[in-house]
Amino acid sequence: MKADKKIITALIIFAFILLILNIASYAAEDSLKKVMEKYETHRYNEGISLLRKEIDGKQKDELVLPYFILGRLYLKEAELYRTIYESSLMTTNEYLNKLNNLKSVKKSRYLPYFLGLLYLEINQPKKAVPLFQQLINTGSVDKGFKEKARLRLGAAYYIAGDKKKAEEQWTQVSADDKDVIAENGYIFARLNIRLKDAIDMVQNAVNLSQKNGTKSHSKIYREIAFVYYKNDMVDAAIELLDKMPLDEPEVVDDIERNKVLRFYDISVMGDISTIYYSAASNYFNKAMNLRGREKYEDLIRFYLSEIDYRLNMYDEAVREINTFLKSNKLDARYNKRIRILLAACYYKKNNKKQAFEIWDEMVNKNFQDDSAVSAVMDTYAELNVDAASILKLIEGQTVSKEEKKMKPYYNSLGGLYYSRKDYEKSVQAFELVRDKANKNKLEANDPVFLIRLANSYYRLKKYSEALEIFFEMGKSYPVVRQVQDAIQGVYSADEKGSGDVRIY
């Protein structure tokens, strides 16, 4: 009888354990399902937040899929921020130059500094030099801001090849302000010099902030995060980015009554994109080191090669792709895409003959394959390659009639027309992609696509249509505020009345 009771007790305990395991399994599946819902509705940041909480305490063998999904989420975030950066660069360029060229409007004292930052971003350091010098010489800007301008002036000299003048500027900067110290470390990291010194600088900035009783260091999070990234501390960098208020301008200048100018450092979006690419690589590599990776290995290798390309590591990308192609292990679905990426790497390495040999082969042999042709169009658009030949083949041809297959094709075609400055045709193609019932909703439209569509409308001077898209996007991604402000400023200038120009 006692034995029977023990058996019954054991069975009850065993059943209870099975129940707990099943509940845990269902809970894990439910959590991943919620994460994938965020992915599908393009709320990548929310998906990342959910999944990072979910992986805490999990065993290694349970982490292959979560790491793979995290890599995908960070890759999507990186691509989105890169697109926002490119849009901001374009709109800010036009906005700041309009401000600078207006004769009848009082100019902001901060305008030279932000114009200088713009020229640094588009690799025209010699144009940046007199602008930073102008701000340093003005009497209406505080010392801290002048010190930042001097640091940037040094960076402009360094990029232009005059390292002696760069050092002369940097040695004139005092080291008693946390913001200036953090900026100094950041500039060294951006120039890829003195990386250990840069770490010491940003840590000193944090210590000073804490010593002075400052509760929030949000204004220097970006500088610290980038220095961490350059010193292979990606996780620490991500933690800081999560705390950054990305919709706040760096400077708000009330230059006149009812007239406010908002200035942003446009390089922030590019930096965040770079860090997110690195985070994606980090999680993909973690997945590759675990058992059970085989199911995702081909796709991970493709993504890692793409990330190397995005981080300007073309030799590494070529080596990885060629090694993998020789192994004959790559799934046929990715073989064409990875060869097109290989050609892009060759193009970037100035081996254009080899690049075009691959692209021509891809188009001629796979003309009925919408996905292959789309990938070539995307690459041509990004690299601003002369696309006359491919357009001659494409125009007038019938592509797949399946709606889901058509949308990526027309998305790529719209991008190709945009790169050729044919904005009317660009909008026409993009509008075939947009979900008509959910015009600007992220649930139904990829945010990168929406930005590209908004850019086309902006180029056609249809500012209201562009602003409408960014306004809706701003509900989930407040960072697009800087693009909105730039477009609104250009809009105000173009809509000027009888000599009265108002730019906000």
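This is a predicted model, so every value here is computed, not measured. Atoms considered below: every heavy atom in the structure, side chains included; atoms not considered: hydrogens, waters and symmetry mates.
- Taking a cutoff of 4.0 Å between a charged side-chain nitrogen and a carboxylate oxygen, R152 and D265 qualify as a salt bridge.
- Between the side chains of N97 and N101, not a single donor N or O lies within less than 3.5 Å of an accepting N or O.
- Between R420 and D386, at least one side-chain nitrogen of the basic residue sits less than 4.0 Å from a carboxylate oxygen of the acidic one, meeting the salt-bridge criterion.
- We find the CZ-CD distance between F132 and Q169 to be 11.5 Å, quoted to the nearest 0.5 Å.
- With respect to the salt-bridge test (charged N to carboxylate O, under 4.0 angstrom), the residues K143 and D177 do not qualify.
- By the neighbour-count criterion of 12 heavy atoms within 6.0 Å, atom NZ of K436 is densely surrounded, having more than that number from other residues, nucleotides or ligands.
- Checked for salt-bridge contact, R481 and D485 meet the test: a charged N lies under 4.0 Å from a carboxylate O.
- Between R82 and E79, none of the side-chain N atoms (NZ, or NE/NH1/NH2) sits under 4.0 Å from a carboxylate O, so this pair counts as no salt bridge.
- With respect to K243 and E239, no salt bridge is recorded, no charged nitrogen being found less than 4.0 Å from a carboxylate O.
- Ion pairing between a basic and an acidic side chain is recognised when a charged N comes within 4.0 Å of a carboxylate O; R310 and E382 show such pairing.
- A salt bridge between R222 and D271 is present, with a side-chain N of the basic residue lying under 4.0 Å from a carboxylate O of the acidic one.
- Not one N or O on the side chain of R262 forms a donor-acceptor pair closer than 3.5 Å with the backbone of P249.
- Salt-bridge annotation for E468 and K439: present, with a side-chain N of the basic residue lying under 4.0 Å from a carboxylate O of the acidic one.
- Under the 4.0 Å criterion applied to side-chain N and carboxylate O atoms, K461 and D494 are assigned as salt-bridge partners.
- Taking a cutoff of 4.0 Å between a charged side-chain nitrogen and a carboxylate oxygen, R43 and E443 qualify as a salt bridge.
- Comment: D446 does not engage R452 in a salt bridge, judged by the lack of any side-chain N to carboxylate O separation of less than 4.0 angstrom.
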Exercise. Test E94 against Y458 for side chain to side chain donor-acceptor pair (under 3.5 Å), laying out the working first.
Key: CA-CA 11 Å; E94 189 167 355; Y458 170 79; 2.6 Å; yes
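- Salt bridge E167/K163: absent, no basic N to carboxylate O contact under 4.0 Å.
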